[in-house]
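Protein chains get the first letters and strands the later ones, always in sequence-line order, with residue 1 at the start of each.
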Amino acid sequence: MEDKSQDTVTFALPEGALPIQIVLDELKSLYPHARYDLDFSTPLDLLVATLLAAQCTDERVNAVTKDLFQKYRRAEDYVAVSQEELEQDVRPTGFYRQKAKQIRAACQYLITNLNGEVPRTLAELVKIPGVGRKTANVILGSAFGVTEGFIVDTHVGRLVKRFGWTQQSDAVKAERELMRLIPQQEWLGLAHRIIYHGRAVCVARSPRCAQCTLAVSCPSATNR
DNA sequence: CTCCCGATAT
DNA sequence: ATATCAGGAG
């Protein structure tokens, strides 16, 4: 007698992995209001903020964009100033030469090909110079309320490996695995919650397993 | 794989 | 001193 109870999801996880349902339930109760923490008001703001977020904390990005978004409102504004001027405006986020160049290239692409508008599909977004799948998935989810893929950033990549959900270090390959393992309606919320947990508890350097409620079933938990 | 790069935690 | 921070390109 096969009793398929409606709330129990059966996924093909590797042996010994942290069950997906436990993570969904536990992280939902720990971080009920998990969301994207970069400040923005327009899709273009979000695109620029997310480009600046590479290898930089959200807090510092927000400190920089507070003034940046007053000064630069449209794609045209970013290409109107000199490279050097934009570099100084984004300097505290690190990688400032590359980021200024990326922002200008992305804006020039939008002006030339899309009338200065940020597109609403993953396929169109990843054509923008400097925009990979992580940035594209963030813009889709937070600016347009669309879910086409699973956000895999440094935190998601690290935690899903620790959970035993995948062995893939490559973000795009890990994303494919996650899309196969997890129901689509959970993708956006779960990604945000994993990131919160990755920042607060399951940190990169020395994870706080002693205070982690997932540790009892986590294959990577260290008891000390 | 390396490079880009400043700021902070360990 | 060194690893790491909501990455992506060459």
Side-chain angles (χ1 to χ4, degrees), chain A residues 27 30-31 33-40 43 45-68 83-84 86-110 118 122-143 147-163 168-176 178 187-211 222 224:
Chain A
L27 294 189
L30 282 174
Y31 316 105
H33 306 301
R35 61 178 190 89
Y36 198 58
D37 286 324
L38 292 183
D39 299 331
F40 69 97
D45 285 352
L46 181 59
L47 170 57
V48 171
T50 307
L51 291 175
L52 293 176
Q55 295 294 300
C56 180
T57 61
D58 285 2
E59 193 181 351
R60 188 172 302 108
V61 173
N62 288 335
V64 165
T65 57
K66 186 166 189 271
D67 293 328
L68 196 74
Q83 173 76 24
E84 292 72 23
L86 185 57
E87 284 178 4
Q88 292 314 307
D89 289 337
V90 303
R91 185 180 243 281
T93 65
F95 296 168
Y96 62 93
R97 279 190 283 269
Q98 177 160 310
K99 285 175 180 175
K101 200 173 297 182
Q102 271 185 348
I103 291 168
R104 288 163 59 79
C107 287
Q108 188 56 59
Y109 177 90
L110 295 183
V118 178
L122 187 61
E124 289 295 308
L125 282 165
V126 296
K127 290 184 191 168
I128 302 171
V131 176
R133 289 190 62 95
K134 180 263 173 182
T135 301
N137 281 326
V138 163
I139 293 169
L140 279 178
S142 294
T147 302
E148 285 197 52
F150 199 108
I151 297 169
V152 178
D153 69 341
T154 181
H155 295 300
V156 173
R158 179 178 71 252
L159 267 66
V160 297
K161 278 179 74 176
R162 287 182 178 169
F163 292 168
Q168 289 293 349
S169 295
D170 181 87
V172 175
K173 292 177 183 169
E175 182 184 354
R176 301 289 176 211
L178 293 170
W187 291 355
L188 188 59
L190 179 60
H192 284 155
R193 291 185 177 106
I194 288 177
I195 290 160
Y196 270 55
H197 197 62
R199 286 198 301 227
V201 179
C202 196
V203 295
R205 198 102 55 121
S206 71
R208 317 188 212 292
C209 300
Q211 69 179 71
T222 57
R224 69 179 66 177

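- Within residues 155-162 of chain A, the residues that place at least one heavy atom under 4.0 Å from DNA chain C are, in residue-number order, A:H155, A:R158.
- Contact check, A:T154 against C:dC5: a side-chain N or O comes under 4.0 Å of OP1 or OP2.
- The side chain to side chain donor-acceptor pair (under 3.5 Å) check on A:T50 picks up A:Y36, with sequence neighbours excluded.
- For A:K127, the salt bridge (Lys or Arg N to Asp or Glu O under 4.0 Å) test picks out A:E124, with sequence neighbours left out.
- Applying the side chain to side chain donor-acceptor pair (under 3.5 Å) criterion to A:D37, with sequence neighbours excluded, gives A:Y196, A:R199.
- Taking the C1' atoms as reference points, B:dC5 lies 15 Å from C:dT2, given to the whole Å.
- Legend: residues meeting salt bridge (Lys or Arg N to Asp or Glu O under 4.0 Å) with A:D45, ordered by chain and number and at least two apart, are absent.
- With sequence neighbours excluded, the residues satisfying ring-ring contact (aromatic ring centres under 6.0 Å, His included) with A:H197 are A:Y31.
- Spacing of C1' atoms, B:dC4 relative to C:dC5, comes out at 14 Å, to the nearest Å.
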For nucleotides 4-10 of chain B, give me one character per nucleotide, 5' to 3': B if any protein heavy atom sits under 4.0 Å from the base, S if the only such contacts are to the sugar-phosphate, - if neither. BBBSSBB

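- Qualifying side chain to side chain donor-acceptor pair (under 3.5 Å) partners for A:E87, counting only residues two or more places apart in sequence or in other chains: A:Q83.
- Sequence order on DNA chain C of the closest nucleotides to A:P129 and A:I195 puts A:I195 first from the 5' end.
- A:S206 is linked by a side chain to side chain donor-acceptor pair (under 3.5 Å) to nothing, counting only residues two or more places apart in sequence or in another chain.
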